[in-house]
Amino acid sequence: MRTQILIIGSGPSGLLLGQLLGTIGIETVILERASREHVLGRVRAGVLEQGTVELLEEAGAAARLRAEGLPHSGISLAFDGRLHRIDIEALTSGRHVTVYGQTEVTHDLMDKRDAAGLTTIYKAANVTLHDFDGKAPFATYDKDGVTHRIDCDFIAGCDGYHGVSRKSVPDRALKTFERHYPFGWLGVLAEVPPADHELVYANHERGFALCSMRSTHRSRYYVQCPEGDRVEAWSDDRFWDELRRRLPEQTAASVVTGPSFEKSIAPLRSFVAEPMRFGRLFLVGDAAHIVPPTGAKGLNLAASDVRYLFAGLRDFYRDKSMAGIDAYSGKALARVWKAVRFSWWMTTMLHRFPDTGDFGQRIQEAELDYLVHSRAASTALAENYVGLPY
Ligand code: APR
Ligand code: PHB
């Protein structure tokens with residue numbers, strides 16, 4: 001088989017890239033290790049920057065998002081027993097974020113790909129990349145006991161942190177940067193109305209908590225938990241009690257409890273691999289970088305990589321220009337590092353670290369107090385939260 005762009009991974013990065021390329025007649029094949037059901041079973045963050053929504057629109061995959069997504073014009077920071085609202089819209093000349101689950105984004109993109117009759121090969125085992133440092137790259141994979149080969153012009157490595165693409169690059173060609181955070185996030189999904197109409201990020205001496213949502217009747221909540229905690233140790237009752245203890249009284253009183261239908265613990269880390277291009281192989285999204293979820297930048301960064309790569313590939317096929325492809329890694333990384341900084345800063349300001357202590361807690365509170373009372377500081381948060389320019 002032959003295609004123009006071979007995409008590894010059918011997460012949001014791979015699907016969005018495939019959809020955009022499809023709109024301008026560039027052929028793609030997606031090779032995915034897991035099944036479609038497995039990909040759709042993952043629960044992830046749910047806050048989309050305005051630029052991400054616009055890109056989904058350009059890809060023709062925003063109809064349901066427009067109908068069901070919740071536009072949010074602000075967030076609240078909770079500390080010192082009170083909510084402090086950051087009016088994102090007022091601080092960013094009318095911009096807002098949209099709350100819409102990443103699982104739904106993936107669903108919409110998969111439906112679009114099916115409707116367009118584009119090829120995704122699920123359950124492709126042992127995907128191996130070949131000759132991407134030359135002019136004729138190809139990949140091999142196993143399916144149903146047979147080894148197959150796909151030739152292509154370029155390979156887009158959209159296969160997440162654990163994928164094969166980054167691992168195919170020789171160590172000496174790659175520089176990686178990493179920061180580990182000594183705690184996890186315990187997350188719960190429940191069919192209950194959210195405690196607040198906007199997101200609440202809480203700093204508390206017992207640890208961080210977040211009130212989020214998927215819709216007006218489905219809530220997503222998180223509490224910071226010790227590293228190594230097992231989800232079995234957290235009954236629903238224990239979770240709801242801990243969440244409410246970390247929220248201001250008024251917000252805690254508005255928490256509607258109910259049985260959780262998803263509960264999981266995620267570790268937190270920052271990771272960046274440089275560069276993001278090796279000859280005819282590109283790294284895109286989680287394959288190249290991971291951010292802690294504080295600030296919800298993971299999917300938005302994946303979308304910004306896709307935007308730069310799409311533009312580069314479009315110019316290559318339309319104008320025979322390598323300029324956009326040559327600029328891809330540099331442009332993508334400049335935006336990645338700003339989001340890595342923002343997520344690290346939000347994480348540092350809002351969580352209880354083993355060495356935070358009483359002094360550290362007061363410093364965090366002073367920083368938060370400054371943040372909500374200084375227009376300059378609030379604006380810095382707002383413009384990062386809503387998404388920096390491309
Ligand atoms: N071969 C083929 N497919 C693979 C391989 C492999 N060796 N390894 C991983 N994959 C697939 C995974 O099964 C997954 O479906 O690649 C896909 C990668 O998807 P994501 O991990 O969702 O990564 P990405 O599309 O970059 O999305 C970034 O999703 O992970 C979140 O928080 C992250 O919000 C961010 C966004
Ligand atoms: C979520 O809704 O899952 C979510 C929202 C905001 C974040 C992280 C996660 O910062």
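Side chains included, hydrogens not; waters and symmetry mates left out as well; all remaining heavy atoms used. Order of appearance sets the numbers: ligands from 1, and atoms from 1 within every ligand.
- Among all protein heavy atoms, the one lying closest to atom 3 (O) of ligand 2 is Y222 OH, 2.6 Å.
- Y161 carries R269 over the face of its six-membered ring, with the cationic atom under 6.0 Å from the centre and within 45° of the normal.
- Protein heavy atom nearest atom 6 (C) of ligand 2, with residue, atom name and distance: Y201 OH, 3.3 Å.
- Ring geometry for H84 versus F79: interplanar angle under 30°, hence parallel rather than tilted (30 to 60°).
- Taking the six-membered ring wherever Trp is involved, the centroid distance between the rings of F154 and F282 falls below 6.0 Å.
- Around the CG atom of D355, the shell of radius 6.0 Å holds more than 12 heavy atoms that belong to other residues, nucleotides or ligands.
- Because its NZ or CZ atom is both nearer than 6.0 Å to the ring centre of Y390 and within 45° of the ring axis, R307 counts as a cation-pi partner of that residue.
- Under the 4.0 angstrom criterion for non-hydrogen atoms, R214 is in contact with ligand 2.
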For ligand 1, which of its N or O atoms have a protein N or O partner closer than 3.5 Å, and how long is each gap?
| unit_1 | atom_1 | unit_2 | atom_2 | d |
| --- | --- | --- | --- | --- |
| ligand 1 | 3 (N) | R33 | N | 3.1 |
| ligand 1 | 8 (N) | R33 | NH2 | 3.2 |
| ligand 1 | 13 (O) | E32 | OE2 | 2.6 |
| ligand 1 | 13 (O) | R42 | NH2 | 3.0 |
| ligand 1 | 15 (O) | E32 | OE1 | 2.7 |
| ligand 1 | 15 (O) | E32 | OE2 | 3.3 |
| ligand 1 | 15 (O) | R42 | NH1 | 3.2 |
| ligand 1 | 15 (O) | R42 | NH2 | 3.1 |
| ligand 1 | 22 (O) | R44 | NH1 | 2.8 |
| ligand 1 | 25 (O) | P12 | N | 3.2 |
| ligand 1 | 25 (O) | S13 | N | 2.9 |
| ligand 1 | 25 (O) | S13 | OG | 3.2 |
| ligand 1 | 26 (O) | S13 | OG | 2.6 |
| ligand 1 | 26 (O) | D286 | N | 3.0 |
| ligand 1 | 29 (O) | Q102 | NE2 | 2.7 |
| ligand 1 | 30 (O) | R44 | NH1 | 3.0 |
| ligand 1 | 30 (O) | D286 | OD2 | 2.5 |
| ligand 1 | 34 (O) | Q102 | OE1 | 2.8 |
| ligand 1 | 34 (O) | L299 | N | 2.9 |

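- Ion pair R244/D237 not flagged as a salt bridge, since none of the NZ, NE, NH1 or NH2 atoms sits closer than 4.0 Å to an Asp/Glu carboxylate oxygen.
- Ligand 2 has an N or O atom lying under 3.5 Å from an N or O atom of G295, backbone or side chain.
- Under a 4.0 Å criterion applied to the non-hydrogen atoms of L199, ligand 2 contributes the atoms 5 (C), 6 (C).
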Would R85 and E198 count as a salt bridge (Lys or Arg N to Asp or Glu O under 4.0 Å) here? Give the steps. CA-CA 9 Å; R85 184 168 186 269; E198 292 176 342; 2.8 Å; yes
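- Side chain of K112 to main chain of L15: no donor-acceptor pair is present (N/O by atom type, distance under 3.5 Å, no hydrogens or angles).
- Salt bridge annotation for R95-E89: absent, with no cationic side-chain nitrogen under 4.0 angstrom from a carboxylate oxygen.
- At the top of the distance list for atom 5 (C) of ligand 2, counting protein heavy atoms only, stands S212 OG, 3.5 Å.
- Looking only at distances, no side-chain donor or acceptor of W185 sits under 3.5 Å from a matching main-chain atom of F208.
- Counted by atom type alone, T176 and E178 present zero donor-acceptor pairs between their side chains at under 3.5 Å.
- Heavy-atom distances between V43 and ligand 2 stay at or above 4.0 Å for every pair.
- At a 3.5 angstrom cut-off on N or O pairs, V47 does not count as close to ligand 2.
- Given atom 8 (C) of ligand 2, the protein heavy atom at minimum distance is P293 O, 3.3 Å.
- Assignment of Y100 to the shell around ligand 2 is not supported, since no heavy atom sits closer than 4.0 Å.
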